[in-house]
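Chain letters run A, B, ... following the sequence lines, proteins first and then strands; every chain starts at 1.
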2 protein chains.
Amino acid sequence: MATALETGPSLTLSKPLPLDSGQVLERVQIAYQTYGTLAPAKNNAILLCHALTGDQHVANPHPITGKPGWWDRMVGPGKPIDTDRYFVICSNVIGSCMGSTGPASIAPDGKPYGMRFPVITIRDMVRAELALLDEFGIEKLHAVVGGSMGGMQALSLAANFPERAERVLAIATTARHSAQNIAFHEVGRQAIMADPNWQEGAYYDTGRDPDSGLAVARMAAHITYLSEAGLTHKFGRRLQDRPNGEKGAISFGFDADFQVESYLRYQGLSFTSRFDANSYLYITRAMDYFDLAEEHGGRLANAFAGSSARFCLISFDTDWLYTTSDARSVVHALNAVAAPVSFVELSAPYGHDSFLLDVPALDRVVGGFLG
Amino acid sequence: MATALETGPSLTLSKPLPLDSGQVLERVQIAYQTYGTLAPAKNNAILLCHALTGDQHVANPHPITGKPGWWDRMVGPGKPIDTDRYFVICSNVIGSCMGSTGPASIAPDGKPYGMRFPVITIRDMVRAELALLDEFGIEKLHAVVGGSMGGMQALSLAANFPERAERVLAIATTARHSAQNIAFHEVGRQAIMADPNWQEGAYYDTGRDPDSGLAVARMAAHITYLSEAGLTHKFGRRLQDRPNGEKGAISFGFDADFQVESYLRYQGLSFTSRFDANSYLYITRAMDYFDLAEEHGGRLANAFAGSSARFCLISFDTDWLYTTSDARSVVHALNAVAAPVSFVELSAPYGHDSFLLDVPALDRVVGGFLG
């Protein structure tokens, strides 16, 4: 991605941020967006947590792509997450590249961190989010809400800081990354590291980003975000029309003959304009390390023993990245400690990405749970 | 991969090979292996067709890796494909790199083809195989047998050259590549083409192969060969012990902490020692182009209308690359033309790779069908 740009409000945390690795991050910058008004009692805040390649631009146009925010359909006045009633806050996770401190940030020695940035965890991201809430004086959230990696943050917050949220809404997520999840991320990381422009992560001053590797990483990951049936429905084996307007035909060459090839190439390339390759390494690593049971003595139920929050888990029947079975494991753990939990498996054709897309049943469940 | 080495017997086809693209390949070299003895009536031949990264070394040690042949457990005296009774022949597909003509071969102008090699199809591979059988004087096969891409060749032979085989055994395969299949292959191709060593395919004389790209391609593909449950069973989230003997622990770094990462990296790297990156491009392209229905007026049943062969389709319940549903489509098409077909879905935990692994039920079905 290119140089820093206007990413909206941000603040510097007043205290150093301790990390799971034992390291401490000083002068942590957190970029965030808010929607709605914080009540005088500060009891109407909803923390939204974004996914791997998401950011704080939930319901405003994205400053790089100009597209609507990633949950514009869900967050706003009168919408399921109703900003007439709630104060919604979303911050860019640490390790990312949209204004919060990450590997592209300037380290205390005046040079970009690169791979000197400490490896972070999902819990570290949550610590940064809670530190931001501290700066706002928000002690207890009305709810913490997230999908995918955002759901991991919601579960981690519930498990590690149970006094901070009354409601926990975790969508299309898991309490632990599986071997297959790790494997796909490792392919992406190897693609980035194989790009000669990567330069062990010290590419910020070279004028050449490892965009080819990052694009391949994105392409591989993108397949996991869609269902097989969704891909078939959207593209099947349909051929790509040629730039000159010629009707699609097999070229007996290596151009993008199939629409799905062209789509994937576009997904890969466009991603590189808004994302930093090192951030991709760090955030995928945090997700791979995520195992809420392992953090709590090897038993997932232990993670929620101290919680008094109400939980809602939502999965999608076509999501093969974080499956209904993954969600059900969390529900069983919550049942084991008698935590109030509702669980819905929604039917939607889009695979993992369903949580971002037009699924009216999702709107109803989200709105209903938040009250 | 390194330079050419001893790959066993080969011959030069006596006639030029016409291709689906309209091009013609001259002086085509076919490398092959045979097992057992051809009967004087030449009526006991079984053609084995290999998969994407397989080769002709079915039941002898591989000349590069030294490992047993890929179907050593299935092919031999007294084994399910019994070389005491049958003459088994397997040739390296054109486009590949184990002795048959492919992009690494020397073109008529004295230089390696590279990307000047014509784009081939599964049917072209079959044409080359039949031309090899012609050289042996084998008019009709006792059976054509293959798994994965080998199964595509078996189905293509049955559809396009129905007089050439009495039995068709297609395992863990499909009659058409789906959007998701194409997508995974496209990721691999983009990884190879993004490698600066690729040099538009003209790397043979540079001393630097696009091994990094090829390794990433292999890693991505390898995930699709294994089931999610198989990966979990084999690796789970188990940590890698350190080279110094230290017990596995999270490193808060980017080394291979998890065994699955280490395994994938090894799969990627070791593959580059035995496979040519351009061959990977050409063969994946041939597979992506494969759509037996489209070749036959858009109706799969048409493909088999002229066949008098007996068919056997085998799928594996955990194969998410070429699923039971893919196999069933072929069976339905065969039913529609009243072709004799048996179909078995086998239960095995290994995903797509099951056809190469120890699945005793597979041995029984294969042996039973071949008679």
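- Residues B/A194 and A/S212 share a closest heavy-atom pair of CB-CB, 3.7 Å.
- Rounding to the nearest 0.5 angstrom, the gap separating the CG atom in A/L264 from the CZ atom in B/F184 is 9.5 Å.
- For chain A, no part of B/L19 is nearby; none of its heavy atoms comes within less than 4.5 Å.
- Evaluation of the salt bridge (Lys or Arg N to Asp or Glu O under 4.0 Å) test over residues 320-330 of chain B, restricted to residues two or more places apart or in two chains, returns none.
- B/M193 is listed as a side-chain neighbour of A/F254, based on a closest heavy-atom distance under 4.5 Å.
- Within the 4.5 Å cutoff, the side chain of B/Q180 has heavy atoms near those of the A/I223 side chain.
- Residues that satisfy the salt bridge (Lys or Arg N to Asp or Glu O under 4.0 Å) test with A/R127, not counting sequence neighbours, are A/D20, A/D124.
- Neither the backbone nor the side chain of B/H222 comes within contact range of chain A; no heavy atom of the residue lies under 4.5 Å from a heavy atom of that chain.
- Heavy atoms of B/D195 lying under 4.5 Å from chain A are absent altogether.
- Comparing A/D288, A/T232, A/L226 by how many heavy-atom pairs each has under 4.5 Å with chain B, the most go to A/D288.
- Using a 4.5 Å cut-off on side-chain heavy atoms (C-beta onward), B/D257 and A/R285 make contact.
- Listed by sequence position, A/M115, A/V119, A/T121 are the residues of residues 115-123 of chain A in contact with chain B, using a 4.5 angstrom heavy-atom cutoff.
- Ring-plane geometry between B/W320 and A/W320 is classed as tilted, the angle between the planes lying from 30 to 60 degrees on a 0 to 90 degree scale.
- In terms of non-hydrogen atom pairs under 4.5 Å with chain B, the most contact-rich of A/G188, A/G22, A/G236 is A/G236.
- Here salt bridge (Lys or Arg N to Asp or Glu O under 4.0 Å) pairs that include residues 230-239 of chain B, with residues two or more places apart or in two chains, are A/D291-B/R237.
- Across every non-hydrogen atom of A/S251 and B/Y289, the tightest pair is N-OH, 3.5 Å.
- One finds the CZ atom of A/F258 at 12.0 Å from the NE2 atom of B/H185 (value rounded to the nearest 0.5 Å).
- Counting heavy atoms from C-beta on, the side chains of A/E261 and B/R189 come closer than 4.5 Å.
- Of all the listed residues (B/T323, B/N181, B/I182), the one sharing the greatest number of non-hydrogen pairs under 4.5 Å with chain A is B/I182.
- Heavy-atom pairs under 4.5 Å with chain B were tallied for A/A256, A/A217, A/G253, A/G268; the largest tally goes to A/G253.
- Heavy atoms of B/Y282 lying under 4.5 Å from chain A belong to its backbone as well as its side chain.
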